Amino acid sequence: QDLSLPNGTPVETSSPASSSSLLNRLQLDDDLDGETRDLFVTVDDPKKHVCTMETYITYRVTTKTTRAEFDLPEYSVRRRYQDFDWLRNKLEESQPTHLIPPLPEKFVVKGVVDRFSEEFVETRRKALDKFLKRITDHPVLSFNEHFNVFLTAKDLNAYKKQGMALLSKVGESVKYVTGGYKLRSRPLEFAAMGEYLDTFSLKLGTIDRIAQRIIKEQLEYLVELREYGPVYSTWGGLEVELSEPLEGVSACIGNCCTALEELSEDMTEDFLPVLREYILYSESMKNVLKKRDQVQAEYEAKLEAVALKKEDRPKVPTDVEKCQDRVECFNADLKADMERWQNNKRQDFRQLLMGMADKNIQYYEKCLTAWESIIPLLQDKPETK
Amino acid sequence: MEDCLAKKMEITVSEAEKRTGRNAMNMQETYTAYLIETRAVESQGEGQCAPVDSLWRRYSEFELLRNYLSVTYPHIVVPPLPEKRADFVWHKLSADNMDPDFVERRRIGLENFLLRVASHPVLCQDKIFYSFLTQEGGWKEMVNETGFQLKADSRLKALNATFRVKNPDKRFTELKHYSDELQSVISHLLRVRARVADRLYGVYKVHGNYGRVFSEWSAIEKEMGDGLQSAGHHMDVYAASIDDILEEEEHYADQLKEYLFYAEALRAVCRKHELMQYDLEMAAQDLTSKKQQCEELATGTVRTFSLKGMTSKLFGQETPEQREAKIKVLEEQIQEGEEQLKSKNLEGRDFVKSAWADIERFKEQKNHDLKEALISYAVMQISMCKKGIQVWTNAKECFSKM
């Protein structure tokens with residue numbers, strides 16, 4: 001049976017490829033527009049739950065799909081952060097050769113951040129929505145059983161307890177033992193990826209610090225502006241003919257203060273969290289790269305052990321063959337995911353940075369409007385009495 | 001009304017130069033000299049320009065001129081000089097008198113001072129002022145020869161009058177309060193403005209760091225690299241733009257400062273009125289008491305306690321001749337006093353009239369100037385906003401190409 005990709009390239013069958021990596025390669029050219037999509041997931045409607053033991057927030061997770069793997073075309077369930085965290089762990093366990101998207105930070109310093117403030121909840125909601133959308137867009141992860149249950153089960157906790165029993169049913173999950181083997185040579189692309197991720201997360205860290213510093217400086221600027229505006233008003237109270245112009249300037253500065261406040265809020269809520277998400281993403285990707293190294297090292301070690309045995313007709317034992325498969329599957333999955341990640345990263349940052357530029361443009365436009373509107377007031381000549 | 005000097009003569013303070021010399025105590029000092037250039041304005045426009053006269057003056061000479069004008073024309077709100085030392089500075093601005101930016105702003109301030117004086121209907125006609133502009137040597141001696149320093153009222157005397165005057169003109173009392181409040185509010189404004197400038201500087205400069213990190217990041221990217229790199233360049237432009245913006249704002253601050261110092265000049269006129277009024281009240285009081293003394297001596301009745309009265313009781317009464325002599329002296333003094341009182345009253349009324357005329361002129365000037373200053377400030381803000389929009393739009397375009 002000859003398998004070939006949609007563009008005619010024959011699929012390599014030198015080693016039994018796992019169904020996941022085959023599926024991966026077939027869907028490499030998959031479009032992300034609405035036409036080929038058959039799964040849509042949204043996170044919204046945060047609600048606060050007050051119980052005797054604790055207070056927490058749940059989010060509504062809505063699914064619309066035409067996939068056969070789902071019994072119904074629509075689902076609506078409520079999930080809390082723990083559930084998302086559980087999902088992510090399950091995905092890491094069951095799909096160790098793939099890059100799992102990051103979650104927003106789990107812990108927040110209780111004194112500093114209000115976990116129930118509107119801003120915090122909204123920021124988290126956006127991040128959770130992004131998390132599920134990234135999984136939805138992934139050709140392998142979106143078919144994961146745990147993901148399916150997460151989207152559909154009324155009682156997720158019952159399913160969680162079953163845990164291990166269900167895991168054994170899923171054929172794709174393979175336990176990888178990280179045995180501390182030494183790696184001979186890392187394929188160039190993964191070495192390059194590792195180096196890239198190191199520099200990338202470093203630069204993101206720097207940008208995060210700069211952005212925080214800017215917000216801090218802006219807030220200090222705001223403090224002074226808030227004192228500055230009213231002084232014009234006080235002066236206006238002393239004057240007769242200059243009263244209106246001075247009041248006008250005071251009001252104008254007040255408007256600029258509001259605009260600045262909005263800019264700082266936007267940067268805090270929309271810009272910083274995404275940066276931090278990508279830093280977390282890089283960290284988890286580096287871990288996957290390490291796992292890959294381990295799998296390769298194990299294979300190399302086993303291969304070496306076999307080579308040392310002197311036999312006339314060396315037959316490659318099955319477990320070494322299995323190791324080779326593992327390595328090749330891992331490499332294929334990871335390579336595909338890395339390409340997808342690079343592309344998504346480019347789009348995400350394009351959007352993020354354009355958004356940052358937009359917010360600043362809007363801030364200046366608001367200030368411009370305020371000052372332009374006051375010019376006629378300042379030029380106004382009082383009626384001769 | 002004669003045309004003021006400003007219309008007949010072009011006056012500029014065109015240059016500033018660092019000089020070294022010896023001061024009064026024969027110690028070496030460094031100071032700045034300013035070049036004053038004057039040229040007669042040709043009304044015919046024949047294409048031939050009158051020659052430019054020039055001379056150098058230092059700040060202390062300007063101070064001497066202003067002191068002379070303040071003393072000689074106490075009913076005029078005399079234009080103030082730019083500040084002696086840099087005040088209300090924000091951290092990037094130097095507080096050093098030798099700093100080129102400070103010197104430049106002072107040059108403009110001194111020119112402004114001369115133009116103000118030259119456009120004043122009364123002050124522009126002063127001969128000492130004219131000589132200041134045209135006579136290089138011997139001007140200082142000329143000023144001192146006027147003996148104006150003797151006419152100057154002592155601060156202590158003025159303070160005393162402020163506290164003790166009973167019936168000052170209500171308008172001046174109100175004006176005094178106004179000038180106090182004006183000083184207070186403009187000082188506050190200038191202080192906060194300096195802090196605002198400081199903070200704004202910080203915001204802009206930190207963005208420069210984006211330039212560097214975007215450049216470093218672009219090195220490891222393939223498709224995103226160019227967009228990031230060029231956006232970083234715009235961040236550098238943004239960070240650099242604040243220097244010019246804040247330099248322009250200093251001119252606005254200088255305009256406010258002028259009126260801060262003008263408030264002091266207003267105050268001086270009020271003080272002069274209080275002094276004259278107090279003087280008048282004291283003279284009237286003195287006259288009343290002399291008249292009373294006279295009456296007592298003439299009639300022999302003692303209505304008020306006097307030490308003389310007590311001693312004469314203790315040591316014996318005066319002789320009729322002595323009493324006559326005293327009465328005569330007092331009568332002379334009373335006549336003198338009445339004449340003095342009359343002239344003081346007249347002086348006082350003249351002062352109030354002419355001072356108030358100049359105050360009205362000043363009010364109009366102030367309203368006009370401050371409105372212009374506010375407009376130019378708004379225009380500066382508009383320009384800053386437009387620059388900001390431009391830079392971020394450019395950056396956005398670069399990001400869109402990522």
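Computed from a predicted structure; not experimentally measured. Residue numbers start from 1 in every chain, and the chains themselves are labelled A, B, ... in the order their sequence lines are given, proteins ahead of strands. Both backbone and side-chain heavy atoms feed into the values below; hydrogens, waters and symmetry mates do not.
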ask   = Any luck finding a side-chain donor-acceptor pair between E221(B) and Y196(A) under 3.5 Å?
value =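 Per modelled atom types, E221(B) and Y196(A) side chains form a pair under 3.5 Å.
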Out of [options], return the one with the most heavy atom pairs under 4.5 angstrom to chain B.
options                            : result
L225(A), V249(A), T234(A), I207(A) : I207(A)
L246(A), I215(A), T369(A), L238(A) : L238(A)
K345(A), K366(A), Q362(A)          : K345(A)

List the atom of [X], the atom of [Y], and the distance in Å for their closest heavy-atom pair.
X       : Y       : answer
V379(B) : I375(A) : CG2-CD1, 4.1 Å
W217(B) : L204(A) : CH2-CD2, 4.2 Å
S400(B) : R350(A) : O-NE, 2.7 Å
C385(B) : L368(A) : SG-N, 3.7 Å
F399(B) : M354(A) : CB-CG, 3.6 Å
L378(A) : L374(B) : CD1-O, 3.7 Å

key: Aromatic contact, W235(A) with Y259(B) (centres under 6.0 Å)   =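 No - the distance between ring centres of W235(A) and Y259(B) does not fall below the 6.0 Å cut-off.
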message = Looking at K366(B) and E239(A), is any side-chain nitrogen of the basic one under 4.0 Å from a carboxylate oxygen of the acidic one?
response =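 A salt bridge is present here (some side-chain N lies under 4.0 Å from a carboxylate O).
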ask   = Could E224(A) and R193(B) be called an ion pair, given the rule that one side-chain N must be under 4.0 Å from one carboxylate O?
value =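 Salt bridge: no.
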key: Side-chain (R346(A)) to main-chain (M224(B)) donor-acceptor, under 3.5 angstrom   =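 Not a single qualifying donor-acceptor pair exists.
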query = After noting the C-alpha distance and the side-chain angles of Q381(B) and C367(A), does the key distance pass the side-chain contact (heavy atoms from CB on, under 4.5 Å) rule?
reply = CA-CA 8 Å; Q381(B) 300 305 306; C367(A) 292; over 6 Å; no
ask   = Are there more than 12 heavy atoms of other residues, nucleotides or ligands under 6.0 Å from atom CZ of R116(B)?
value =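 Buried by this count: over 12 neighbours within 6.0 Å.
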request  = Determine, step by step, whether Q379(A) and K371(B) satisfy the side-chain contact (heavy atoms from CB on, under 4.5 Å) criterion, reporting the C-alpha distance in whole Å, the side-chain angles of both residues, the deciding distance to 0.1 Å, and the verdict.
outcome  = CA-CA 8 Å; Q379(A) 288 174 327; K371(B) 239 192 219 177; over 6 Å; no
request  = Working to the nearest 0.5 Å, report the span between NZ of K396(B) and CG of D358(A).
outcome  =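 Output value for this atom pair is 3.5 Å.
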